[in-house]
Amino acid sequence: MAADRLSSLMRHLKGSNTGVDAITQKNPEDVVITLSIRTPLTKAFKGGFKDTELDYILYALLKETIAKSKIDPALVEDICLGNVGESKAAYMVRAAALAAGIPHTSGASSVNRFCSSGLKAVQDIANQIQLGAIDVGIALGAELMSAAGDRLERPFNAEVLRNQEAADCMQPMGQTSENVGKDFGISREIQDRYAAESFRRAEDAQKAGWFDDEIVPIPVVVKDPKTGEEKNITLDRDEGIRYGTTYESLAKIRPAFPDFGDKSTGGNSSQVTDGAASVLLMRRSKAIELNQPILAKFCGATIAGVPPRIMGIGPTAAIPKLLGKFQLDKDDIEIYEINEAFASMAVYCIDTLGLDHAKVNPRGGAIALGHPLGATGARQIATILSEARRTKKRILVTSMCIGTGQGMAGLFVNEQV
């Protein structure tokens with residue numbers, strides 16, 4: 001094992017971890033994904049998870065992770081949860097792990113990097129594996145937007161507010177979307193047409209059953225809001241996809257943020273959503289030892305900053321930075337998952353990066369599926385790996401824009417070709 005690690009480090013020092021040929025090479029020290037699953041995404045406040053606690057969602061998903069992977073839970077050395085709105089998330093993930101049968105010898109923590117929290121959790125677990133601190137870990141992303149929010153409770157200190165970009169961090173996300181539309185001339189029509197395509201792709205994917213292998217059913221109890229009557233149901237489908245959505249129907253929707261502009265609406269912005277995703281990661285040598293199916297290699301992730309008032313353009317900084325680290329060209333990437341926080345930012349990112357839209361969010365994105373803040377960074381991995389298996393694509397990138405003006409991107413190689 002020590003010799004393998006030394007060999008891997010020497011290859012990195014020689015610069016052999018760059019280019020398509022290099023990232024597709026396999027060595028025992030690689031960080032690999034052996035399972036990537038998610039819950040259905042449900043409408044916040046009125047959907048399937050509205051009466052469910054976050055700790056239960058985590059518990060149910062961790063149980064599914066252990067059951068589907070058939071891994072000995074005692075081998076899981078650490079768990080990291082990406083979450084935005086719940087201040088007690090670290091308590092919840094620890095308790096949920098214990099209840100799911102993962103012994104107290106495993107650790108648990110939570111991280112918050114706004115909309116990329118799920119990807120940040122994956123990066124944290126992967127970094128531990130790369131450093132040799134652990135061999136096996138689980139990264140989660142989860143958000144119960146029905147129960148919590150991410151609004152600031154008070155303004156920043158006056159001294160902090162003297163800096164304009166610091167003050168811009170207080171701008172609501174809707175305002176930043178309108179800023180992008182206004183600053184870069186992205187019209188309401190272009191945004192609505194983009195959103196209509198997101199809904200069309202998601203509808204086609206759901207009807208074809210393409211989401212089925214990434215979604216695990218979750219049993220819950222829901223209450224009738226009028227009678228209080230409770231009933232047991234099993235959630236197994238995304239709720240936000242609106243069949244038959246057209247540009248014409250979206251064009252009739254009123255602006256959602258009239259104080260800031262007239263381009264972003266409830267139809268061309270990401271939906272407020274509940275949901276969670278889980279990614280099981282381990283060292284390649286450990287996966288082979290345990291006879292675990294290797295779905296993908298996690299190559300790395302990176303962060304980049306942009307002005308907070310136009311936070312949605314974050315992927316235009318993060319993706320080139322990531323590709324540069326691995327000496328890849330944008331055309332080397334066969335599928336992109338870019339979070340559709342708003343149509344304004346999605347259109348800007350695709351146009352500015354010069355991407356083929358056919359490669360971007362082929363199953364639709366957060367406009368159609370929903371965006372549980374802390375979950376999406378992990379949810380994208382389940383979706384992009386499922387699509388890569390179906391289409392036999394290999395080189396994959398996921399990317400998020402992040403509130404306060406950041407972008408994050410991750411690089412993966414599909415090994416189920």
Side-chain angles (χ1 to χ4, degrees), residues 43-46 49-50 53-55 57-58 80-94 109-121 124 140-183 255-266 269-276 303-314 317 339 341-342 344-345 366 370-377 400-408:
K43 298 177 181 179
F45 307 111
K46 56 184 178 181
F49 282 132
K50 69 180 178 64
E53 298 85 359
L54 180 61
D55 54 292
I57 297 173
L58 296 171
C80 187
L81 165 66
N83 176 269
V84 178
E86 177 53 69
S87 63
K88 299 177 179 61
Y91 286 98
M92 293 182 177
V93 67
R94 172 64 166 165
S109 66
S110 64
V111 295
N112 178 1
R113 201 193 280 277
F114 300 105
C115 299
S116 71
S117 297
L119 179 55
K120 172 63 173 170
D124 280 11
L140 301 167
E143 203 73 42
L144 188 63
M145 297 185 77
S146 293
D150 65 333
R151 294 288 181 88
L152 288 167
E153 296 178 356
R154 61 169 180 79
F156 297 137
N157 182 275
E159 284 298 313
V160 174
L161 291 174
R162 290 180 187 277
N163 180 284
Q164 185 57 55
E165 288 199 327
D168 288 343
C169 290
M170 294 187 62
Q171 290 193 16
M173 296 300 102
Q175 183 177 358
T176 68
S177 174
E178 291 290 0
N179 292 342
V180 171
K182 190 182 304 179
D183 288 5
F257 314 105
D259 290 346
F260 308 118
D262 59 2
K263 298 179 179 64
S264 296
T265 74
S269 305
S270 58
Q271 300 181 46
V272 181
T273 309
D274 301 326
I303 190 76
V306 297
R309 65 178 301 278
I310 48 173
M311 68 91 197
I313 73 169
N339 187 38
F342 300 94
S344 60
M345 56 76 54
H371 175 28
L373 300 178
T376 299
M400 311 285 298
C401 60
I402 307 169
T404 70
Q406 304 170 64
M408 191 171 187

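Just the heavy atoms: all of them, side chains too, but no hydrogens, waters or symmetry mates, feed the values below.
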Colleague: Are Ser177 and Met345 packed together at the side-chain level, in the sense that at least one heavy-atom pair is separated by less than 4.5 angstrom?
Modeller: no
Colleague: Is atom CZ of Phe45 surrounded by more than 12 heavy atoms (other residues, nucleotides or ligands) closer than 6.0 Å?
Modeller: yes
Colleague: Could you tell me whether the side chain of Gln271 and the main chain of Gly370 form a donor-acceptor pair under 3.5 Å?
Modeller: no
Colleague: Less than 4.5 Å apart, side chain to side chain, heavy atoms only: is that true for Lys88 and Asp55?
Modeller: no
Colleague: Could you tell me if the side chain of Cys115 sits less than 4.5 Å from the side chain of His371, heavy atoms only?
Modeller: yes
Colleague: Between Asp274 and Ser146, is there a side-chain donor-acceptor contact under 3.5 Å, judged purely by atom types and distance?
Modeller: yes
Colleague: Indicate yes or no: at least one non-hydrogen side-chain atom of Leu81 is less than 4.5 angstrom from one of Met92.
Modeller: no
Colleague: With rounding to the nearest 0.5 angstrom, report the OH to OG distance, Tyr91 to Ser110.
Modeller: 10.5 Å
Colleague: Considering only heavy atoms from C-beta outward, does the side chain of Glu178 approach that of Lys263 to under 4.5 Å?
Modeller: yes
Colleague: Quick one: does any side-chain atom of Glu143 pair with a main-chain N or O of Val84 as donor and acceptor, under 3.5 Å?
Modeller: yes
Colleague: With no hydrogens and no angle check, just 3.5 Å: does a side-chain donor-acceptor pair link Ser264 and Ser269?
Modeller: no
Colleague: Backbone N or O of Ala341 within a donor-acceptor pair of the Ser270 side chain at under 3.5 Å?
Modeller: yes
Colleague: Judged by modelled atom types alone, do Asp168 and Gln164 share a side-chain donor-acceptor pair under 3.5 Å?
Modeller: yes
Colleague: Judged by atom type as modelled, is there a donor-acceptor pair below 3.5 Å linking the side chain of Asn83 to the main-chain atoms of Ala142?
Modeller: yes
